[in-house]
Structure formats: structure tokens, C-alpha cells
Amino acid sequence: QVQLVESGGGLVQAGGSLRLACAASGSIASINNMGWYRQAPGKQRELVATITNGGTTNYADSVKGRFTIFRDNAKNTVYLQMNSLKPEDTAVYLCNADARSMWSYRYLAVWGQGTLVTVSS
């Protein structure tokens with residue numbers, strides 16, 4: 001079993017910054033892609049950013065130039081540095097990883113519980 005735990009959410013004023021972290025734990029054999037998604041009240045979940053285990057990144061157009069995703073493979077942790085935050089960035093941010101446990105040959109999509117980010121105007 002692989003678990004993801006997010007941290008770093010909170011309340012910030014518009015224009016401010018936050019850094020989210022997501023640590024994977026458990027019987028980890030390997031992790032491929034990791035990413036961040038978000039879901040605002042009354043809206044569908046949307047992709048924010050992803051990163052491969054080789055470091056290739058992908059961003060939603062709405063966050064390009066403001067958010068940076070990076071990972072520490074030795075710590076099985078992915079981060080999301082969020083700068084120039086806007087009220088429309090308010091959402092629950094969820095971490096995702098394609099992970100394989102030591103007891104399986106298959107990669108499964110694992111989700112964290114989410115961390116709330118609130119940006120005030």
C-alpha cells in the first residue's frame with residue numbers, strides 16, 4: 001500500500017505565496033508521474049501540474065509562470081510552489097501519484113486527502 005499526505009495549505013492574501021508538499025509513504029517500490037490537481041466548490045477537479053520521474057513538467061495554462069512543480073525522488077515527495085496567488089486559485093489541492101507497491105507488479109493511481117488553499121482578495 002502507498003499513501004500520500006499533503007501539507008502546506010492555508011489562508012493567504014492575493015499576490016502572496018504558498019508551498020505545498022506531498023509525501024508518499026508505505027511499501028513503495030516505484031513512483032512514476034506525480035501531480036497536483038485542484039477542486040473548487042461547485043467545480044470539477046482540474047489538473048494543475050504534473051511531473052515525471054525524469055523531471056519533465058506540464059502545467060495548466062491558468063498557472064503557467066506562477067506555479068512551479070518539483071520533486072525529490074529520494075524523499076518520494078512532490079512540491080508545488082505557488083506565487084502571485086489569485087482568489088480564483090482557491091480550492092482543495094490534491095496530490096496524485098502513479099505508484100507501485102512492493103507487493104504488486106502494477107502501477108496504480110493514488111490520491112491524497114487534499115489540502116485547502118484559500119486566497120483572499
Side-chain angles (χ1 to χ4, degrees):
Q1 294 276 357
V2 178
Q3 299 86 35
L4 300 177
V5 177
E6 301 100 334
S7 60
L11 174 64
V12 64
Q13 287 189 332
S17 299
L18 280 175
R19 178 178 290 187
L20 306 182
C22 171
S25 63
S27 304
I28 300 169
S30 177
I31 300 177
N32 282 341
N33 295 348
M34 301 185 81
W36 289 95
Y37 293 72
R38 67 186 180 187
Q39 187 162 17
K43 295 188 177 182
Q44 289 189 333
R45 186 176 297 182
E46 63 175 0
L47 180 147
V48 176
T50 61
I51 185 167
T52 68
N53 57 7
T56 300
T57 59
N58 178 56
Y59 295 93
D61 288 343
S62 59
V63 306
K64 281 181 182 176
R66 301 188 297 123
F67 291 10
T68 301
I69 187 171
F70 57 102
R71 65 192 282 177
D72 184 335
N73 289 334
K75 295 181 179 180
N76 291 320
T77 301
V78 63
Y79 303 89
L80 185 69
Q81 177 66 42
M82 305 186 293
N83 298 329
S84 302
L85 282 160
K86 305 175 181 180
E88 50 264 43
D89 294 318
T90 295
V92 174
Y93 283 71
L94 301 110
C95 178
N96 169 266
D98 293 327
R100 182 172 67 84
S101 75
M102 295 180 182
W103 319 115
S104 175
Y105 292 103
R106 299 174 58 196
Y107 284 85
L108 297 176
V110 182
W111 291 90
Q113 299 256 352
T115 185
L116 178 62
V117 172
T118 304
V119 184
S120 63
S121 57

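Judged purely by atom type and a 3.5 angstrom limit, Arg100 has no side-chain atom pairing as donor or acceptor with the backbone of Ala29. Judged by distance alone, with hydrogens and angles left aside, the side-chain atoms of Glu6 form a donor-acceptor pair with the main-chain N or O of Gly114 at under 3.5 Å.
The nearest pair of heavy atoms linking Ser27 to Val2 is O-CG2, 4.3 Å. Taking each heavy atom of Asn83 and Ser17 in turn, the nearest pair found is OD1-OG, 2.9 Å. A pairwise comparison of heavy atoms in Thr90 and Ala40 identifies O-CB, 3.6 Å as the closest pair. Scanning both residues, Leu85 and Arg66, for their nearest heavy atoms gives CA-NH1, 3.9 Å. Across all non-hydrogen atoms, the minimal contact from Leu4 to Ala97 is CD1-N, 3.7 Å. Listed here is the closest heavy atom pair of Gly9 and Leu20: N-CD2, 3.6 Å.
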query = Is there a side chain to side chain contact (heavy atoms under 4.5 Å, CB included) between Met82 and Trp36 once you walk through the steps?
reply = CA-CA 12 Å; Met82 305 186 293; Trp36 289 95; over 6 Å; no

Worked check of side chain to side chain contact (heavy atoms under 4.5 Å, CB included) between Val63 and Arg38 = CA-CA 12 Å; Val63 306; Arg38 67 186 180 187; 4.0 Å; yes

inquiry  = Under the criterion salt bridge (charged side-chain N to carboxylate O under 4.0 Å, His left out), I'd like the reasoning laid out for Lys86 against Asp89: C-alpha separation, chi angles, the key distance, then a yes or no.
reply    = CA-CA 5 Å; Lys86 305 175 181 180; Asp89 294 318; over 6 Å; no

query = After noting the C-alpha distance and the side-chain angles of Ile51 and Tyr59, does the key distance pass the side chain to side chain contact (heavy atoms under 4.5 Å, CB included) rule?
reply = CA-CA 9 Å; Ile51 185 167; Tyr59 295 93; over 6 Å; no

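Two residues are said to be in side-chain contact when any heavy atoms from C-beta on lie closer than 4.5 Å; Ser101 and Gln1 fail this criterion. Counting heavy atoms from C-beta outward, Val78 and Ile69 have side chains that approach closer than 4.5 Å. Within the 4.5 Å cutoff, the side chain of Asn53 has heavy atoms near those of the Arg71 side chain.
In the displayed structure, Glu88 atom CD is contacted under 6.0 Å by more than 12 heavy atoms of other residues, nucleotides or ligands.
In the hydrophobic cluster analysis, where Ile, Leu, Val, Met, Phe, Trp and Tyr join through side-chain heavy atoms closer than 4.5 angstrom, Val12 is grouped together with Tyr93. By the rule that hydrophobic residues join a cluster once side-chain heavy atoms approach within less than 4.5 Å of another member, Ile28 and Leu108 end up as members of separate clusters.
From Asn33, atom CG reaches atom OH of Tyr107 across 10.0 Å, with rounding to the nearest 0.5 Å. Remark: Thr118 OG1 to Leu18 CG distance equals 9.5 Å, nearest 0.5 Å. Interatomic distance, CH2 of Trp111 versus SG of Cys22, reported as 10.5 Å (0.5 Å rounding).
Side-chain atoms of Thr68 and Tyr79 include no donor-acceptor pair closer than 3.5 Å.
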